[in-house]
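On a predicted model such as this, the values are computed, not experimentally measured, just so you know. Only heavy atoms go into these numbers, but all of them, side chains included; no hydrogens, no water, no symmetry mates.
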Amino acid sequence: MQKIKLKTAVLGLKEFTEVPTTYRNQEMANQMYIDMLKLSISQTKDLSGLTGKKATKAYIEEAEKIKKLDQQQLNFIQNLLKLTNKEIEKVKDIASNKEISEWNNYAVMRFRGLTDKDIEEIYTEQNEVTEDPKDVPADSDSN
């Protein structure tokens with residue numbers, strides 16, 4: 001059976017964990033991908049025009065969607081890596097929300113066939129595109 005070697009140190013676990021590419025694991029990765037995309041689409045809604053109770057309701061709904069995805073991400077990690085309740089509690093104590101989300105994104109990309117090198121290149125390209133020009137040090141020769 002084929003396995004994927006996943007980096008897991010950011011979760012407070014051993015450096016790498018091998019995960020079999022079973023139908024069940026692929027199905028979990030696909031569902032996590034769908035859930036992350038749904039939240040991403042939901043977060044692009046412009047709520048600035050809402051006021052009063054409508055605004056409050058919309059923000060609560062958004063917060064509930066985020067909370068639900070947070071729990072789904074922890075369940076994904078626990079089920080994919082076959083962690084005990086004690087081990088997932090350790091992950092929750094060590095990793096931040098951002099690290100957990102990024103790790104889930106990483107795991108999904110690995111199950112979608114990307115290599116660690118492919119993923120690194122994607123993040124490098126994204127960082128280059130999103131880099132704020134005012135955060136780049138001025139060239140000392142131009143002064």
Side-chain angles (χ1 to χ4, degrees), residues 1-140:
M1 177 183 308
Q2 188 178 3
K3 293 185 178 188
I4 295 176
K5 189 175 186 179
L6 297 174
K7 297 176 183 177
T8 52
V10 70
L11 301 175
L13 305 170
K14 59 186 175 180
E15 190 171 348
F16 293 98
T17 301
E18 287 192 352
V19 178
T21 56
T22 62
Y23 179 84
R24 183 176 311 280
N25 287 343
Q26 184 66 53
E27 186 178 46
M28 284 191 304
N30 288 339
Q31 187 60 52
M32 180 52 52
Y33 183 58
I34 291 166
D35 293 341
M36 289 187 304
L37 287 173
K38 283 181 180 178
L39 183 63
S40 177
I41 290 168
S42 170
Q43 289 180 326
T44 61
K45 291 180 186 173
D46 183 11
L47 304 177
S48 62
L50 299 177
T51 58
K53 289 181 182 179
K54 285 185 179 182
T56 302
K57 183 178 178 184
Y59 286 114
I60 289 170
E61 288 173 0
E62 207 53 39
E64 287 173 340
K65 288 177 187 176
I66 292 168
K67 181 180 176 185
K68 181 180 177 184
L69 183 63
D70 287 347
Q71 188 56 54
Q72 289 170 323
Q73 289 181 335
L74 289 169
N75 291 342
F76 175 67
I77 291 169
Q78 186 171 16
N79 293 329
L80 185 68
L81 301 178
K82 307 286 189 252
L83 301 180
T84 65
N85 288 340
K86 186 176 181 179
E87 290 169 322
I88 198 66
E89 288 300 318
K90 179 182 175 187
V91 169
K92 289 163 63 174
D93 289 338
I94 291 175
S96 68
N97 272 359
K98 181 179 180 187
E99 290 168 327
I100 289 170
S101 292
E102 287 175 352
W103 188 88
N104 276 294
N105 192 37
Y106 159 76
V108 166
M109 287 191 284
R110 289 302 313 275
F111 268 92
R112 295 185 63 76
L114 277 71
T115 65
D116 282 337
K117 184 178 179 186
D118 295 335
I119 295 167
E120 186 177 313
E121 288 174 4
I122 289 169
Y123 281 119
T124 300
E125 289 172 16
Q126 285 178 346
N127 287 338
E128 289 172 0
V129 170
T130 60
E131 192 173 85
D132 190 342
K134 63 184 172 210
D135 290 338
V136 177
D139 185 8
S140 58

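Note that OH of Y123 is 12.5 Å distant from CG of D118, once rounded to the nearest 0.5 Å. The distance from atom CE of M28 to atom CG of N79, rounded to the nearest 0.5 Å, is 5.5 Å. Atom CG of D93 is separated from atom CD1 of I88 by 10.5 Å, given to the nearest 0.5 angstrom. To the nearest 0.5 Å, atoms CD1 (I119) and NZ (K7) are separated by 8.0 Å. With values rounded to the nearest 0.5 angstrom, E99 atom CD is found 9.5 Å from N97 atom CG.
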From CA spacing to verdict: side chain to side chain contact (heavy atoms under 4.5 Å, CB included), L114, I122: CA-CA 10 Å; L114 277 71; I122 289 169; 3.3 Å; yes

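Screening L81, L83, I94 for a side chain to side chain contact (heavy atoms under 4.5 Å, CB included) with L11, the sole residue that qualifies is L81. Of the candidates V108, V91, I77, W103 forms a side chain to side chain contact (heavy atoms under 4.5 Å, CB included) with just one, namely I77.
When all heavy atoms of A29 and F111 are compared, the closest pair comes out as CB-CB, 3.6 Å. Residues I100 and A95 share a closest heavy-atom pair of CG1-CB, 3.7 Å. The two residues P20 and M1 make their nearest non-hydrogen contact at CB-SD, 3.2 Å. Residue K3 comes nearest to E18 through the heavy atom pair CD-OE1, 3.6 Å, listed as atom of the first residue, atom of the second, then distance.
Using a 4.5 Å heavy-atom cutoff, the side chains of R110 and Y106 are in contact. In this structure, the side chains of N105 and E102 stay at 4.5 Å or more apart for every pair of heavy atoms. Residues L80 and L6 form a side-chain contact, since some pair of their non-hydrogen atoms from C-beta on lies under 4.5 Å apart. Using a 4.5 Å cut-off on side-chain heavy atoms (C-beta onward), Q73 and M36 make contact. Annotation: side chain of K65 is not in contact with side chain of L69 (no heavy-atom distance under 4.5 Å).
Atom CD of E120 has 12 or fewer neighbouring heavy atoms from other residues, nucleotides or ligands inside a 6.0 Å radius. Atom CZ of F16 sits in a crowded spot, with more than 12 heavy atoms from other residues, nucleotides or ligands closer than 6.0 Å.
Between the side chain of E15 and the backbone N or O of A9 there is no donor-acceptor pair closer than 3.5 Å. At least one donor-acceptor pair closer than 3.5 Å links the side chain of T56 to the backbone N or O of G52. With D35 contributing its side chain and M32 its backbone, the two residues share no donor-acceptor pair below 3.5 Å.
There is no side-chain donor-acceptor pair under 3.5 Å between S101 and N104. For E89 and N85, the side-chain atoms include no donor-acceptor pair closer than 3.5 Å.
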